[in-house]
Amino acid sequence: MSSDSNKLETIPAAVAFAERGDSKTAMELMAGAADQGTRPPTQQRKGNSQRRAAAKRATLFGAMSLGLYGVLFAYSDTIMHYFTMGGVHAVLPIATVFLFSYVHGTFAGELWTSLGITASKKIGKPAAKQDEVRKPARDTRPRATLNA
């Protein structure tokens with residue numbers, strides 16, 4: 001069904017290009033619409049450019065992540081000296097963890113995006129109302145009692 005809608009959207013655009021004298025673009029649009037399961041060339045480029053941009057960001061943040069780990073292991077004695085000084089220096093390990101988390105998390109997210117794996121956009125069912133809390137039923141089973 002989506003290929004039919006692509007054809008219907010692409011045909012008027014191809015006719016407009018043909019009337020303007022741009023037969024090459026019109027032929028490309030018609031060829032793209034004729035292939036089932038493919039999108040017109042303009043939509044293909046848009047999706048690929050987003051994935052390429054995500055791949056570039058993934059490469060950048062991956063290199064940053066490797067660099068951070070390299071610095072951490074190369075200067076571990078100096079870093080440990082400052083981290084264990086106490087006082088105001090106690091903020092350094094926390095800041096380092098946040099920095100590593102941000103850089104590595106961004107790398108992982110961009111990597112998944114560049115591979116074309118994204119979160120689903122499904123809308124779930126609304127949760128049950130919290131106001132309607134049922135009281136438990138009264139327990140009417142016989143109980144053993146002790147009279148002393």
Side-chain angles (χ1 to χ4, degrees), residues 1-139 141:
M1 186 171 194
S2 65
S3 64
D4 292 337
S5 66
N6 283 343
K7 288 179 187 178
L8 292 175
E9 293 170 1
T10 307
I11 292 171
V15 169
F17 279 109
E19 287 177 352
R20 197 177 71 189
D22 191 359
S23 60
K24 182 179 178 183
T25 305
M27 293 296 284
E28 288 175 350
L29 286 172
M30 291 304 290
D35 296 337
Q36 284 190 336
T38 60
R39 293 176 286 186
T42 55
Q43 290 180 354
Q44 287 177 353
R45 276 187 248 123
K46 181 180 178 185
N48 288 341
S49 67
Q50 289 174 349
R51 290 175 72 178
R52 266 191 242 115
K56 288 178 184 177
R57 289 188 300 267
T59 304
L60 173 70
F61 279 96
M64 288 173 57
S65 183
L66 283 173
L68 285 172
Y69 279 109
V71 168
L72 182 70
F73 289 122
Y75 299 102
S76 60
D77 293 334
T78 306
I79 293 170
M80 186 59 87
H81 171 72
Y82 283 106
F83 281 11
T84 58
M85 287 179 73
V88 177
H89 293 91
V91 174
L92 292 175
I94 297 168
T96 303
V97 168
F98 280 119
L99 176 66
F100 273 75
S101 176
Y102 173 74
V103 171
H104 183 72
T106 304
F107 160 69
E110 295 297 337
L111 178 67
W112 289 122
T113 303
S114 69
L115 294 174
I117 301 171
T118 58
S120 66
K121 294 182 169 64
K122 293 181 181 176
I123 298 174
K125 296 179 183 177
K129 293 183 180 180
Q130 296 288 334
D131 299 338
E132 298 176 16
V133 178
R134 292 177 36 181
K135 293 181 181 178
R138 185 172 178 203
D139 190 6
R141 296 180 290 176

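Remember, it's a predicted structure, so these values are computed and weren't measured experimentally.
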Rounded distance [0.5 Å steps], OG1 in T106 versus CZ in F61: 5.0 Å
Side-chain donor/acceptor of S101 to backbone N/O of V97, under 3.5 Å: no
Any side-chain heavy-atom pair of M64 and L60 under 4.5 Å: yes
Taking every non-hydrogen atom, the tightest pair across T84 and H81: OG1-O, 3.3 Å
Over 12 foreign heavy atoms within 6.0 Å of OH, Y82: no
Nearest-0.5 Å distance, OG1 of residue T113 to CZ of residue R57: 7.5 Å
Nearest heavy-atom neighbours spanning S65 and H104: OG-ND1, 3.9 Å
With V71, the side chain to side chain contact (heavy atoms under 4.5 Å, CB included) member among F73, Y69, Y75: Y75
Spacing of F107 atom CZ and W112 atom CH2 [to the nearest 0.5 Å]: 10.0 Å
From CG (L99) to CD1 (I94), nearest 0.5 Å: 14.0 Å
